[in-house]
Amino acid sequence: MLLLMSCATKKQALDVPALVPQDTIKPTIVDNKDNGIEVKSDTAILVPQVSLAPQIQESEQRNNLPKMDVSDIAGKHIYGHINMGDVIMQLPEYKQVIHKMDSLQLYLAEQYKAMQVEYQTKQQELDSDTTLLPMVREMKESELQSLVDRIKYFLSYSEQQLVEERNRLLSPIYQKIQTVIKETGDELKLLYVFDNSYLLVSSENSIDITPIVINRMLQK
């Protein structure tokens, strides 16, 4: 029996925060407390920003990996360990995820900018028009407040959408890696395979199966 050991829950594993760091886009909406309209200057939309993996050709990657004959080392180790980050960053599928996330991030940023411009334009028009009747001014202020509420909702919704889309795209990749890890562990007759992210102590009884898994993933 092979067990892939990790201190993270299944849901946390799919989130992959270490592989997909977050960057922040700050809004520049003008505060207007006099009209009861205020957007905090530190309000931000958290955008998962995925850094491109090193541009390594698959053939070059295979040549640089240690050569391991599974049949020669089968049964010689009780435990195994793997660097999941190294594995996923070498996969073509991961680079496709990066491209899709970058495109979605750019789209949301453009929509956000458009809403900012709309707010600033309407706010400036309201401030510059001194001939408005009190009732009309109140209506326009109410419209501005509604726009502020929509912007705040958009910030929250965008962050949620980015995280959900990232997890949706990464989930099948991780399932594929899990399958290869299990196959490799079974061939090597390992009892446990640990993720390097949570490995505190290693010994000669633990073998690094990272290069084996990377080669097998690249060949699929």
Side-chain angles (χ1 to χ4, degrees), residues 8-56 84-85 88-175 197:
T9 62
K10 183 176 180 181
K11 181 179 184 302
Q12 289 172 326
L14 290 181
D15 286 346
V16 206
L19 297 181
V20 191
Q22 290 185 328
D23 195 4
T24 301
I25 297 177
K26 296 285 187 179
T28 56
I29 297 177
V30 178
D31 294 346
N32 191 329
K33 296 181 180 179
D34 294 338
N35 291 329
I37 300 170
E38 178 182 5
V39 177
K40 298 293 185 181
S41 59
D42 60 350
T43 302
I45 174 173
L46 296 178
V47 181
Q49 179 69 47
V50 184
S51 300
L52 288 175
Q55 298 299 314
I56 301 177
M84 294 290 282
I88 194 172
M89 290 190 72
Q90 301 305 328
L91 304 181
E93 299 99 314
Y94 178 65
K95 296 171 185 178
Q96 294 173 6
V97 170
I98 293 172
H99 177 71
K100 291 179 180 179
M101 290 303 301
D102 284 346
S103 298
L104 179 57
Q105 174 187 326
L106 178 61
Y107 171 78
L108 292 174
E110 289 175 345
Q111 296 299 311
Y112 180 63
K113 280 184 178 180
M115 296 177 75
Q116 285 183 307
V117 171
E118 181 183 359
Y119 175 88
Q120 292 169 348
T121 300
K122 290 184 176 181
Q123 181 66 69
Q124 290 170 1
E125 290 176 352
L126 181 61
D127 291 341
S128 62
D129 192 345
T130 59
T131 64
L132 291 176
L133 295 173
M135 182 181 66
V136 177
R137 177 173 294 277
E138 184 178 345
M139 291 175 57
K140 289 185 176 294
E141 289 174 351
S142 178
E143 291 175 1
L144 273 176
Q145 183 60 56
S146 296
L147 178 56
V148 169
D149 292 340
R150 291 202 304 273
I151 292 175
K152 289 180 178 180
Y153 173 78
F154 180 82
L155 292 174
S156 175
Y157 178 77
S158 296
E159 179 182 350
Q160 177 184 342
Q161 286 295 107
L162 285 165
V163 172
E164 289 180 356
E165 180 66 7
R166 179 192 64 188
N167 291 340
R168 186 187 71 82
L169 294 172
L170 287 177
S171 179
I173 298 178
Y174 268 81
Q175 291 174 3
S197 302

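This one's a predicted model, so the numbers in the text were calculated from it and none came from an experiment. Starting from 1, each residue takes its place in the sequence as its number.
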Any heavy-atom pair between the side chains of [Y] and [X] that's under 4.5 Å?
| X | Y | answer |
| --- | --- | --- |
| Met115 | Arg150 | yes |
| Asp102 | Leu106 | no |
| Gln123 | Gln120 | no |
| Gln124 | Ser128 | no |
| Arg166 | Leu170 | yes |

Under the side chain to side chain donor-acceptor pair (under 3.5 Å) test, residues paired with Thr131 that sit two or more places apart: Asp129

Please round to the nearest 0.5 Å and tell me the distance separating atom [atom1] of [X] and atom [atom2] of [Y].
| X | Y | atom1 | atom2 | result |
| --- | --- | --- | --- | --- |
| Lys140 | Glu125 | NZ | CD | 7.0 Å |
| Gln116 | Leu147 | CD | CG | 10.5 Å |
| Phe154 | Glu159 | CZ | CD | 12.0 Å |
| Arg137 | Leu126 | CZ | CG | 4.5 Å |
| Ile98 | Gln105 | CD1 | CD | 12.0 Å |

Results of side-chain contact (heavy atoms from CB on, under 4.5 Å) for Glu165 - residues two or more places apart only: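 side-chain contact (heavy atoms from CB on, under 4.5 Å) check on Glu165 returns Met101, Leu104, Arg168, Leu169.
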
Could you tell me whether the side chains of Glu141 and Gln145 share a donor-acceptor contact shorter than 3.5 Å?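 No.
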
Which pair of heavy atoms, one from Ile173 and one from Tyr94, lies closest together, and at what distance?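 Residues Ile173 and Tyr94, closest heavy atoms: CD1-N, 4.0 Å.
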
Can Leu144 and Val148 be said to form a side chain to side chain contact (heavy atoms under 4.5 Å, CB included), step by step? CA-CA 6 Å; Leu144 273 176; Val148 169; 5.6 Å; no

Taking Ser103 for its side chain and His99 for its backbone only, find out whether a donor-acceptor pair lies under 3.5 Å. yes

Give a yes or no answer on whether the side chain of Ser146 reaches the backbone of Ser142 with a donor-acceptor pair at less than 3.5 Å. yes

Are more than 12 heavy atoms from other residues, nucleotides or ligands located less than 6.0 Å from atom CD of Gln161?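 Atom CD in Gln161 is crowded, with more than 12 foreign heavy atoms closer than 6.0 Å.
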
